Amino acid sequence: MQNTNKLYEEIIIAGFGGQGIMLAGKLLAQTAMKSKKEVTYMPSYGAEVRGGTANCMVVITEREIASPLITQPNSLIVMNKASLEKFTPRLKDNGLLIYNSSLIDYEPQVSKTIKVLAIPADQLAIELGNHKSANMVIVGAYLQMRGIISPDTAADCLTQTIAKRHHKMLEVNKKAIYCGAKFAKEQPV
Amino acid sequence: MSEKKLICGNEAMAEAAIIAGLDAYFGYPITPQNEVTAYMSRRMPELDRVFVQCESELAAVNMVYGAVATGKRAMTSSSSPGISLMQEGISYLAGAELPAVIVNVMRGGPGLGNIAPSQADYFQATRGGGHGDYRTIVLAPSSVQELADFMSLAFDLADQYRITVMVLTDGILGQMMEPVILEKKKQRKLPPKNWALTGAKNRKQNIVRSLWLGDGVLEELNRKLQKKYDEIQKKEILCEEYEIENAEIIVVAYGIAARIAKGTVDKAKKEGIKVGLIRPITLWPFPAEQISRAAEKAKAFLTVELSCGQMVEDVRLAVAGKVHVEFYGRSGGGVPSDSEIMKEIKQLAAKR
């Protein structure tokens, strides 16, 4: 971050359509709003189909946000190989890279200044009983790593972010957030 | 009611229009504004109001014409290619002096272009893309909150002046989410719609039309329209002036470009560059006076747009040759970045 004493967090979340990329971004944004931060959420739009590429940008700060677009993120969450290849070169020095090691089977080459967390998000989600919750696992891990907002707040915000018709999935998603947070906590970085 | 909600610009404007008393919505799907139509299709029937997904944009704008002719509040929304198709209808609305609200969530052009954000419909919106001597009021929000707030303003302005009001925004503002407060605004004091077609029982019949064949009748109507436009230019200009007091360089930008530029202005000031921002909120009427006044003191202007240079013509007209007006724009889906704008500002500062 250019301004170390002030929060200006620029996050890109990327993967393929169907991985819940947009939902993960919306949950982060909702969580940031609940924590009284300034926040914008910008989806890649128009081409959200299962299997296609999907990404979204979330800016979290304590002052007025100029642009919701992010050219150089300081945090990058990638759920598949294509997204890793595409977005990692844009990551800022001293940034954070979290990648889904269930689908990315090699160690990404990044600058030494970047914190890296490999998390088997799909595998952890399957163990919880819902493979679709991999997005929530990785959100939990992100919140734990960055320490800006508590994973508890994200768990509280699920009811607003998840459509009512899916509310029977609230519990497993909550578990997924905590599972990701726990995983991140236990990793030496 | 005053609780903050996280919603996208398209849905914010849809709900805000409903809160402002929208009676009927007519639309035809097009990215990047589909959330408006989708939202309306769900909410309007819930409220027992009118929603029609039309067979085309032509149908949509003409249904709006019909609905507002009865004195109801009606709107349509679309994106650039769809708005082009509506131009005939907008000209007719002007000729019949009908109060309609039209939202353009601009995307890349010309032609079908792409679905990325753009500001390249400035000429079309501010000059009147249809035929004849007419104007539409053009409002340019630069946040999701303003997108919501300007809906009630748009309906009030439309009703007050019997004019079409266009809300001109872009794919970013339509799609992005940010915290918004949605609440009912105090309505302006509005004239009675005694011209509306409400059934002529016990009164003289009203006629709403844009065809005036009688000798000199149309010229008379045009004079009346111009008088109305003059009044709007006197009373309804909205403009944000940011840090312009001691500014040597004035950045002029609207909508999403202004928002990005504001961030750059803050950074440039920290580096000791004397720079400020003028953000036209009404694009027509254009804040020419504010810009002209700033040109008395400033040494250079920089206009930033998501286009190849459209509003910059109005800026140059207002500056009237007093100082140099530079332009920086990206088009076809490109968005000027903070660092690109900074480079332009620094180049201008170096010339001083």
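From a predicted model like this one, the values you see are computed outputs, not experimental measurements. In the text below, chain A, chain B and the rest are named by the order of the sequence lines, each starting its count at 1.
Interface remark: A/Glu64 contributes side-chain atoms only to the contact with chain B (heavy atom separation under 4.5 Å). Heavy-atom distances place no part of B/Pro336 under 4.5 Å from chain A, backbone and side chain included.
For CG of B/Leu112, the number of neighbouring non-hydrogen atoms (other residues, nucleotides, ligands) closer than 6.0 Å is 12 at most. Residue B/Glu245 qualifies as open at atom CD: its count of foreign heavy atoms under 6.0 Å is 12 or below. Counting heavy-atom neighbours within 6.0 Å of B/Tyr28 OH, excluding the residue itself, gives a total of 12 or less.
A pairwise comparison of heavy atoms in A/Lys26 and B/Leu6 identifies O-CD2, 3.9 Å as the closest pair. The minimum heavy-atom distance linking A/Ala66 with B/Gly263 is given by the pair CB-CA, 3.6 Å.
For the pair A/Pro68 and B/Ile256, the minimum side-chain heavy-atom distance is below 4.5 Å. Contact check for B/Arg259 versus A/Ile65: side-chain heavy atoms found under the 4.5 Å cut-off.
Annotation: maximal heavy-atom pairing with chain B below 4.5 Å, among A/Thr161, A/Leu69, A/Val59, A/Val58, occurs at A/Leu69. Contact count versus chain A (heavy atoms, under 4.5 Å) is highest, among B/Pro179, B/Ala116, B/Cys8, for B/Pro179. In terms of heavy-atom pairs under 4.5 Å with chain A, the best-connected choice from B/Lys5, B/Met177, B/Lys262 is B/Met177.
In this structure a side-chain-to-backbone donor-acceptor pair under 3.5 Å is missing from A/Tyr45 to B/Thr31.
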